[in-house]
Amino acid sequence: MNLIEELRWRGMVQDIMPGTEEQLLKEMTTAYVGFDPTADSLHIGSLVPILLLVHLQRAGHKPLALVGGATGMVGDPSFKAEERRMLDLDTLARNQAGIKAQLERFLDFDPSKPNAAEMVNNFDWFRDISFLDFIRDVGKHITVNYMMAKDSVKRRIEGDSGMSFTEFTYQLIQGYDFYHLYTAKNCKLQMGGSDQWGNIVTGTELVRRKANGEAFAFTCPLMKKADGTKFGKTEKGNVWLDARLTSPYTFYQFWFNAADADAENYIRIFTLLDKAEIEELIATHRQTPEQRLLQKRLAKEITIFVHSEKDYEFAVKASELLFRNDTADVLQSLTESQLLDVMDGVPQVEVNAADLSAGKDIVTFLADTAILPSKSEARKMVQNGGISINKLKVEGIEKVVDTTLLLNQKYILIQRGKKNYYLVTVK
RNA sequence: GGGCAGGUUCCAGAGUGGCCAAAUGGGGCGGACUGUAAAUCCGCUGUUUCGACUUCAUAGGUUCGAAUCCUAUCCUGCCCA
């Protein structure tokens with residue numbers, strides 16, 4: 001299977017420019033994907049473009065990862081209802097560094113290889129371009145009519161919040177990136193999410209008009225969930241690749257909880273397992289969906305890919321303890337190191353020994369420890385039966401939290417809802 | 001620059017002087033059921049020492065009383081120039 005066939009089978013090709021497949025078969029091709037420095041870590045939404053680069057490199061081509069230092073200063077309006085808030089320069093610099101460090105993990109940057117991955121930052125070439133130069137050299141080639149016709153900006157043009165000129169410029173800036181990489185690094189292909197199609201095509205257009213060259217592109221469908229909700233979010237927000245922002249346990253749980261219909265797509269997109277193995281897994285899963293074999297395998301593969309084998313094992317161990325039903329007794333019998341092992345990655349909360357020996361009512365306790373944001377929410381949660389201590393449900397708001405509840409003389413396990421755990425440690 | 005229409009709680013969107021912490025829908029959270037699923041059903045969804053307190057773009061004002069009326073400012077959309 002060639003690269004495009006492989007990606008097609010995995011469901012990773014949405015739009016493709018004619019000639020792209022031929023180009024990839026003809027020679028080692030340099031291709032790039034852009035990453036937005038909106039945070040100092042990538043999240044699992046970025047995993048799809050990362051995997052595009054991984055597949056590309058495995059197929060013998062040369063991947064470029066572009067960090068959008070310049071584009072991040074402007075903000076991509078594509079399909080967004082409202083303008084994004086601007087990031088200050090320090091934040092951007094920090095974010096770029098964080099993202100760069102993460103990408104290094106997934107791609108082979110060994111310079112001795114002909115198709116070594118490279119990292120580029122578009123701030124490096126935009127820094128020295130003046131506004132006048134830009135509008136004369138680049139703006140001349142693209143009409144406003146062309147730019148406005150893009151679906152990606154339609155929502156903003158027709159909507160009721162407007163679009164600033166800054167944002168409107170975005171597609172030209174991104175388009176120029178492609179032109180620059182084409183001339184500087186012989187980069188002939190851009191990939192990205194399908195929401196980037198408009199921006200990408202502006203780039204190929206610039207390459208054609210300004211450099212009289214031919215550039216190619218394809219996009220990958222945006223991740224969607226079968227129930228139509230947004231991919232990549234949990235109750236707590238984004239699922240990040242950085243273990244400090246999303247623990248490996250939470251990360252593992254995210255994939256483990258994938259709906260059946262989604263898991264079949266995810267395993268093709270997010271793992272590098274081959275076709276035969278994936279088809280077999282799916283077939284088995286359809287027969288016994290309640291065993292969640294597909295989700296387990298999916299979660300395993302990605303957790304190891306993004307974190308490590310060790311992190312994966314912890315996550316499994318913790319999941320078993322936290323989700324088995326009869327574990328109130330087991331919990332009591334754990335030694336301190338066993339407990340800490342399993343709770344690795346569960347948010348930890350500290351509390352004063354003095355406070356606890358005096359005893360605190362459950363509502364105050366939950367609010368003080370910030371497990372719930374306010375007393376009224378804490379009260380409602382307890383009254384709804386949403387709080388458990390050491391795997392035992394709290395029956396009413398009269399419940400007092402004191403030292404009698406301590407596990408190993410220093411821990412209390414608080415559970416909010418079914419899936420949210422907090423380990424309270426006495427200081 | 002001119003005219004018109006707007007800015008309401010997470011979102012959409014009611015409310016045009018007291019009955020408004022503010023309808024309804026969505027989303028979110030919790031519970032039951034389950035496969036740590038989907039669907040369904042139920043509860044909650046500004047804060048609180050439960051007496052109150054702070055909210056309806058911002059700042060002033062009228063009134064016993066304002067999200068609702070007045071003035072100024074900021075922002076957005078549409079139309080005209």
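Convention: sequence-line order gives letters A, B, ...; per-chain numbering from 1. Worth saying up front: this structure is predicted, and the values here are computed from it rather than measured.
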Pair partner, rC56(B) [Watson-Crick or wobble, under 3.5 Å]
none
Value in whole Å for how far the P atom of rC29(B) lies from CG of Leu366(A):
18 Å
Going from CD1 on Ile50(A) to CG on Leu103(A), what distance comes out if it is rounded to the nearest 0.5 angstrom?
5.5 Å
Grab the CD-P distance between Glu264(A) and rA38(B) for me, whole Å please.
16 Å
Closest to the Lys418(A) side chain, choosing from rG35(B), rA32(B), rU36(B)
rA32(B)
Arg416(A) CZ to rU45(B) P, straight-line distance once rounded to whole Å
16 Å
What are the residues of residues 369-383 of chain A, sorted by number, that bring a heavy atom to within less than 4.0 Å of RNA chain B?
Ser374(A), Lys375(A), Ser376(A), Glu377(A), Arg379(A), Lys380(A), Met381(A)
In sequence, state the C-alpha distance, the side-chain angles, and the governing distance for Arg209(A) and Glu205(A), and then conclude on salt bridge (Lys or Arg N to Asp or Glu O under 4.0 Å).
CA-CA 6 Å; Arg209(A) 296 189 192 190; Glu205(A) 202 57 25; 2.8 Å; yes
Both Gly386(A) and Asn257(A) contact RNA chain B. Which one's nearest nucleotide lies toward the 5' end?
Gly386(A)
When you get a sec, tell me which of rA32(B), rU36(B), rG35(B) is the closest nucleotide to the side chain of Ser319(A)?
rU36(B)
Using atom C1' of each nucleotide, how far apart are rC11(B) and rG27(B) to the nearest Å?
7 Å
Would you call Arg10(A) and Glu6(A) a salt bridge, taking side-chain N to carboxylate O under 4.0 Å as the test?
yes
Arg292(A) side chain N/O closer than 4.0 Å to the phosphate oxygens (OP1, OP2) of rA37(B)?
no
Between Asn420(A) and rG30(B), is there a side-chain N or O to OP1/OP2 distance below 4.0 Å?
yes
What is the distance, to the nearest angstrom, from the CD1 atom on Ile387(A) to the P atom on rC29(B)?
14 Å
Hey, does Gln295(A) reach any base, or is it just sugar-phosphate, or nothing, if we go heavy atoms under 4.0 Å?
base
Partners of Arg292(A) by side chain to side chain donor-acceptor pair (under 3.5 Å), sequence neighbours excluded?
none
On the nucleotide rA37(B), are OP1 or OP2 found under 4.0 Å from the side-chain N or O atoms that Lys419(A) carries?
yes
Quick check: Tyr179(A) with Tyr176(A) (ring centres under 6.0 Å apart)?
yes
Minimum side-chain heavy-atom gap Arg105(A)-Leu241(A) below 4.5 Å:
no
What distance, rounded to whole Å, do you find between the two P atoms, one in rU73(B) and one in rA22(B)?
35 Å
For Lys296(A), which contact category applies under a 4.0 Å heavy-atom criterion: base, sugar-phosphate, or nothing?
nothing
Paired with Asn390(A), the side-chain contact (heavy atoms from CB on, under 4.5 Å) test is passed by just one of Ile414(A), Leu406(A), Leu413(A), namely Leu413(A)
